[in-house]
Amino acid sequence: MPTPLRELPKLSAKPGTPAFLADAPAHFRWMHAHAPVCRTKIAVINAVLVAGYEDCKALLEDDRFTRDRRKTGARTKSPLPMPRTVRILNNNMVTEDDPEHRRLRSLVAKVFTPKAIATLGERVEGLCAELLDDFPRDQPFDFIEAYSLPIPTTVIREMMGVPAEDMPKIQAGLRGLQRMTELIPMLTMLFVHMPRTVRILDAMIEAKRGEPEDDLLSALIRVEEAGDKLNHEELLSLAYTIIVAGYETTVHLIANAVLTLLQHPEQLAEIRADLDGPLLDAAVEEVLRVRGPIQTTKPVFPKQDLVFAGAELPRGTLIMPCLATANRDPAVFEDPDRFDIHRPKRRHLSFGGGPHFCLGAALARLETKVALRALLRRFEHIELAVPESQLVLQGMPLWHRYDALPLRVR
Ligand code: HEM
């Protein structure tokens with residue numbers, strides 16, 4: 001018998017609120033124990049969260065769900081008229097279903113190959129070394145500003161061929177994302193920053209059409225010019241998706257990894273003892289499991305009324321697989337809240353699943369591993385420069401990212 005949907009406990013404990021962030025694992029435990037499919041609000045939006053590991057995996061592979069709510073016949077009119085540029089940037093491969101999604105993804109995959117990524121190791125090492133040279137000794141500094149932000153930003157900027165002077169403008173626009181639950185930052189982002197980003201990308205594409213370079217954007221333009229496979233708006237939207245996806249998440253994976261290792265000094269000592277061995281890879285995977293920077297995917301919507309994981313879901317309901325909860329499913333991971341680099345291998349869901357599985361997973365893993373190894377090699381002593389209680393998690397629902405990570409090294 002399908003069961004009625006339950007609410008997350010306490011009204012204050014909506015994802016992203018201080019009460020939720022103060023002890024997210026406790027909410028995840030409650031979901032597993034009492035309501036593996038439950039109703040909540042994400043900012044002002046009604047949503048249903050799915051908690052179980054197998055359920056999240058199944059949801060991401062289930063073609064009874066669509067990424068495009070319009071296909072469900074539900075009323076989708078936005079309360080505000082959206083500028084054209086916002087519609088362009090929001091309609092990308094992450095929000096398309098197959099076969100349309102497969103078409104776009106295979107075009108990107110053509111230029112975003114494992115071979116192209118594997119060649120980046122040396123460049124990432126060189127970049128890390130330069131950044132480490134500038135670390136102050138024995139003085140507090142923000143690790144995110146100094147290290148975990150510039151690494152993926154520079155790599156994706158160079159891969160895509162974004163001029164150095166344009167990257168800060170694209171990044172400034174994204175800062176509004178951190179306060180998307182507040183009206184003014186949201187409107188500024190939608191009506192000022194996103195249109196400006198489209199103008200920057202338009203100019204870049206125009207310049208590279210005239211003078212192609214050895215970068216991914218030029219390669220995508222060649223794909224566009226090769227036929228009607230990719231139109232200009234799709235090209236814009238793909239370029240934006242790759243640039244943003246390329247650094248927004250990895251910044252926080254590197255920072256979350258350093259914090260987690262500092263909180264587990266015995267495991268850190270084991271990793272330090274064999275920096276070229278497999279423990280560093282295992283640590284990156286375990287950080288992704290317990291502190292992955294994004295805790296959900298884009299929403300999916302049932303195309304018809306249906307029953308999923310024992311719950312009745314009306315057509316058009318906004319559903320989110322809660323990847324962070326799935327990664328702490330006690331049916332799959334023993335003692336799931338424990339950080340343990342020796343855990344038997346079992347794939348976490350932090351890179352999503354199904355046809356939309358993260359296209360940049362190999363790059364994110366490479367950058368994080370190289371960044372950690374270089375940092376640990378360079379400094380024997382690394383410590384938090386503030387009490388842990390002073391670290392501030394950003395109030396973005398279902399993300400795990402700190403405002404800053406003050407460290408001291410020598
Ligand atoms: C720690 C770092 C990262 C995490 C945790 C992460 C996580 C994810 C997740 C959960 C998805 C699935 C989204 C969905 O189903 O709605 C995704 C998709 C995607 N990711 Fe990542 N990502 C990371 C880094 C990267 C990097 C470095 C790139 C590229 C340079 C990248 C490019 C993409 C793209 C293009 C997609 C869309 C794939 C599709 O729709 O087929 N990601 N990522």
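Indexing begins at 1, ligand by ligand and atom by atom, following the structure's order.
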Would you check if the distance from the ring center of His193 to the ring center of Phe191 is below 6.0 Å?
no
Mind checking whether [X] contacts ligand 1 via backbone (N, CA, C, O), side chain (CB onward), both or neither, at a 4.0 Å heavy-atom cut-off?
X	result
Thr368	neither
Met159	neither
Val108	neither

Using a 4.0 Å cutoff against the non-hydrogen atoms of Ala364, which atoms of ligand 1 qualify?
1 (C), 2 (C), 24 (C)
Quick one: does Trp399's side chain get under 4.5 Å of His252's, heavy atoms only?
no
Would you mind reporting whether Arg291 and Leu259 have side-chain heavy atoms less than 4.5 Å apart?
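In contact.
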Write out the residue and atom name of the closest protein heavy atom to [atom], then the distance separating them to 0.1 Å.
atom	result
atom 34 (C) of ligand 1	Leu359 CB, 3.9 Å
atom 1 (C) of ligand 1	Leu253 CD2, 3.5 Å
atom 37 (C) of ligand 1	Val94 CG2, 3.7 Å
atom 3 (C) of ligand 1	Thr249 OG1, 3.2 Å
atom 5 (C) of ligand 1	Ser350 O, 3.6 Å
atom 40 (O) of ligand 1	His356 ND1, 2.7 Å
atom 8 (C) of ligand 1	Cys358 CB, 3.7 Å
atom 26 (C) of ligand 1	Ala245 O, 3.3 Å

Evaluate [X] for polar contact with ligand 1, using N/O atom pairs at a separation under 3.5 Å.
X	result
Thr250	no
Glu367	no
Thr241	no
Thr296	no
Arg67	yes

Out of the candidates Lys345, Arg347, Arg365, only one should pair with Glu285 under the salt bridge (charged side-chain N to carboxylate O under 4.0 Å, His left out) rule; please name it.
Arg365
Among Phe351, Trp399, Tyr247, closest by any non-hydrogen atom to atom 4 (C) of ligand 1:
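It is Phe351 that holds the nearest heavy atom.
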Among Ala362, Ala257, Gly246, Pro299, which one puts a heavy atom closest to atom 27 (C) of ligand 1?
Gly246
Is there a donor-acceptor contact under 3.5 Å from the side chain of Thr250 to the main chain of Tyr247?
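The answer is no, because no donor-acceptor pair under 3.5 Å joins these two groups.
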With no hydrogens and no angle check, is any side-chain donor or acceptor of Ser350 less than 3.5 Å from a backbone partner on Gly292?
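It does not hold such a pair.
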Between ligand 1 and [X], can you find any atom pair, the residue atom being a heavy atom, that is separated by under 4.0 Å?
X	answer
Pro152	no
Gly292	no
His252	no
Glu96	no

Between Gln263 and Glu388, is a side chain to side chain contact (heavy atoms under 4.5 Å, CB included) present by the stated rule, with each step listed?
CA-CA 9 Å; Gln263 289 168 329; Glu388 240 174 82; 2.9 Å; yes
Side chains of Gln267 and Glu286: do they bring a donor and an acceptor to under 3.5 Å?
no
For the residue pair His232 / Asp202, report whether a side-chain donor-acceptor contact shorter than 3.5 Å exists.
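There is such a pair between these side chains.
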Could you check whether Asp166 pairs with Arg157 (Lys NZ or Arg NE/NH1/NH2 to Asp/Glu carboxylate O, under 4.0 Å)?
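Arg157 and Asp166: not salt-bridged.
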What class does the angle between the rings of Phe379 and Phe135 fall in, given that below 30° is parallel, 30 to 60° is tilted and above 60° is perpendicular?
parallel
Mind telling me whether His264 and Phe339 have parallel, tilted or perpendicular rings, with 30° and 60° as the class edges?
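Rings of Phe339 and His264: tilted, 30 to 60°.
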Please round to the nearest 0.5 Å and tell me the distance separating atom NZ of Lys57 and atom CG of Asp329.
12.0 Å
